[in-house]
Amino acid sequence: MTLPLSHPALSATDPELAALVGAEEQLQADTLRLIPSENYVSQAVLEASGTVLQNKYSEGYAGRRYYEGQQNIDQVERLATARAKALFGVDHANVQPYSGSPANLAVYLAFAEPGDTVMGMALPMGGHLTHGWGVSATGKWFRGVQYGVRQDTGLIDFDEVRDLALKERPKLIFCGGTALPRTIDFAAFAEIARESGAVLVADVAHIAGLIAGGAHPSPVPHADVISTTTHKTLRGPRGAMLMSREEHAKAIDKAVFPGLQGGPHNQTTAAIAVALHEAAQPSFRDYAHAVVDNAKALAEALLARGFDLVSGGTDNHLILMDLTPKDVPGKVAAKALDRAGIVVNYNTVPYDPRKPFDPSGVRIGTPSLTSRGLATEHMPAVADWIDRGVTAARTGDEDALAAIRAEVADLMAAFPAPGLPTD
Ligand code: DSN
């Protein structure tokens with residue numbers, strides 16, 4: 001289905017750029033997007049993020065700015081902050097971090113000194129770069145010690161985490177990550193943080209929407225600080241938030257501004273406010289539960305087709321597949337699936353013998369397809385496409401990939417995506 005042309009002013013001023021935006025809209029309409037950290041925002045979120053609020057500088061916080069003319073901006077930021085506090089049940093929210101990595105860096109600035117020991121899950125085990133991994137500033141400027149998952153279960157071994165924390169005495173312990181298919185036990189992490197005297201940071205970027213919708217346990221009241229992006233399961237604009245108990249509010253605010261950032265991106269703050277409003281509606285609870293139901297149904301359908309899933313399945317929105325038994329490297333599979341209209345990302349699996357740029361696994365998730373209205377009854381077809389695509393990747397069968405692409409586009413045409421142009 002060809003989407004109508006949109007963005008008349010952009011087309012008139014810069015047809016070259018407008019054509020690229022149009023092509024991206026068409027791609028997002030026609031393909032099955034399975035990257036677990038992506039989503040489709042609503043038209044309302046898109047509109048808020050494209051407003052004249054972006055014309056305004058507003059360094060500081062509501063009522064305490066370094067620029068005049070904040071009559072409306074202060075209200076926008078107060079609205080976003082109040083909605084975040086209400087939705088997640090926290091004392092304090094800072095909605096200014098530009099994205100997840102700056103948000104996490106602000107946590108280091110608030111609670112640690114350069115050279116201090118910090119602890120997080122290793123990136124190849126499913127953690128995040130900013131949890132102290134060596135190539136990141138957080139691993140270069142701090143002494144990162146890293147935990148992982150057990151090789152036999154794919155699950156976190158809390159005895160191991162406790163032993164490491166008591167031995168290393170980190171200032172910060174991060175829990176959460178980017179490739180964790182299982183429920184995070186925030187209470188267990190909190191106990192370890194308490195015993196070892198660390199500040200517990202729950203990085204819930206991937207699962208913030210599930211938490212808001214009641215489909216994953218909340219880190220409140222276990223974590224000292226909660227860090228999240230706003231654009232994954234939460235279905236907001238590309239941005240981030242830091243939340244905490246009142247006792248940490250000043251330290252966090254000071255670290256974000258003036259510690260790390262200049263003026264907040266007010267158009268993003270507005271779009272975050274809209275996303276938080278949407279996430280507070282009863283329909284968002286249905287969405288969050290449907291994301292998990294779809295992921296479980298997809299995991300079952302993949303297991304039935306002989307796929308090896310890290311930890312044996314999923315509790316949330318995300319599935320991590322080790323393609324070693326299928327005899328196809330993750331990157332080869334991901335690129336073939338892309339040609340078949342199925343967008344995934346190649347990913348390391350725990351204890352991966354291959355390199356991160358050419359790993360054994362593929363990471364998939366259900367937030368985007370659920371936003372389009374696909375339900376559990378569609379998951380066997382999705383698993384089938386993945387199975388046929390992975391087989392075609394191994395045999396080099398481009399015709400099979402083209403056939404899948406056509407079938408995918410047919411189904412996608414029946415499920416229009418939020419935020420994309422319609423007739
Ligand atoms: N890049 C994000 C993801 O895809 O999980 C994490 O920051």
Side-chain angles (χ1 to χ4, degrees), residues 5-25 28 37-85 87 93-106 205 208-209 227-232 234-243 252-280 371 417-421:
L5 284 179
S6 190
H7 318 297
L10 180 61
S11 299
T13 302
D14 190 342
E16 191 180 2
L17 195 281
L20 289 171
V21 173
E24 178 61 20
E25 287 169 343
Q28 292 194 16
S37 47
E38 293 182 350
N39 214 328
Y40 293 96
V41 296
S42 68
Q43 185 62 29
V45 167
L46 271 185
E47 282 180 18
S49 63
T51 54
V52 295
L53 299 178
Q54 81 90 35
N55 293 343
K56 191 73 196 113
Y57 247 121
S58 46
E59 285 176 14
Y61 290 99
R64 296 175 284 136
R65 307 280 190 187
Y66 290 83
Y67 295 75
E68 295 312 313
Q70 307 293 343
Q71 294 85 337
N72 305 306
I73 301 297
D74 275 3
Q75 292 187 64
V76 168
E77 191 169 312
R78 284 196 176 109
L79 201 53
T81 303
R83 287 176 178 174
K85 285 162 61 175
L87 186 65
N94 185 311
V95 296
Q96 293 194 4
Y98 297 144
S99 201
S101 297
N104 285 349
L105 203 50
S227 165
T228 186
T229 52
T230 45
H231 48 268
K232 298 185 173 92
L234 192 56
R235 233 165 42 177
R238 304 196 77 90
M241 308 192 294
L242 287 171
M243 298 178 278
I252 284 174
D253 284 355
K254 220 171 116 196
V256 173
F257 175 85
L260 201 62
Q261 297 189 172
H265 294 175
N266 299 308
Q267 75 283 6
T268 301
T269 306
I272 289 173
V274 176
L276 292 167
H277 175 69
E278 291 176 347
S371 289
L420 295 186

Go through it in stages, so that I can follow the logic: the residues are T230 and M241, the test is side chain to side chain contact (heavy atoms under 4.5 Å, CB included), and I'd like the CA-CA distance, side-chain angles, deciding distance and then a yes or no. CA-CA 7 Å; T230 45; M241 308 192 294; 3.6 Å; yes
Report, as yes or no, whether the 6.0 Å neighbourhood of atom OH on Y66 holds more than 12 heavy atoms from other residues, nucleotides or ligands.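 No, because the 6.0 Å sphere around OH of Y66 holds 12 heavy atoms or fewer from other groups.
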Are more than 12 heavy atoms, taken from residues, nucleotides or ligands other than R238, located less than 6.0 Å from that residue's CZ atom?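 Atom CZ in R238 is not crowded, with 12 or fewer foreign heavy atoms closer than 6.0 Å.
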Quick one: pull up OH in Y98 and CD in Q96 and give me the separation to the nearest 0.5 Å.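 So the gap between those two atoms works out to 8.0 Å.
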Working to the nearest 0.5 angstrom, can you tell me the gap between I73 CD1 and R65 CZ? 7.5 Å
Hey, can you tell me if F257 and Y61 have their rings parallel, tilted or perpendicular (30° and 60° cut-offs)?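 F257 and Y61: perpendicular rings.
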Residues that R83 engages under salt bridge (charged side-chain N to carboxylate O under 4.0 Å, His left out), provided they are two or more places apart: none
Please identify each residue that fulfils salt bridge (charged side-chain N to carboxylate O under 4.0 Å, His left out) with E47, with sequence neighbours left out.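 Checked E47 against salt bridge (charged side-chain N to carboxylate O under 4.0 Å, His left out); zero matches.
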Side chains of [X] and [Y] in contact at under 4.5 Å (non-hydrogen atoms):
| X | Y | result |
| --- | --- | --- |
| E25 | H7 | yes |
| V76 | N266 | no |
| H231 | S99 | yes |

Just do the side chain to side chain donor-acceptor pair (under 3.5 Å) check on E77 and Q70 with the steps written out, would you? CA-CA 10 Å; E77 191 169 312; Q70 307 293 343; over 6 Å; no
Table please: side-chain donor-acceptor pairs of residues 269-280 below 3.5 Å, with sequence neighbours left out.
from	atom 1	to	atom 2	distance (Å)
T269	OG1	H265	O	3.3
E278	OE1	S42	OG	3.3
E278	OE2	S42	OG	2.6

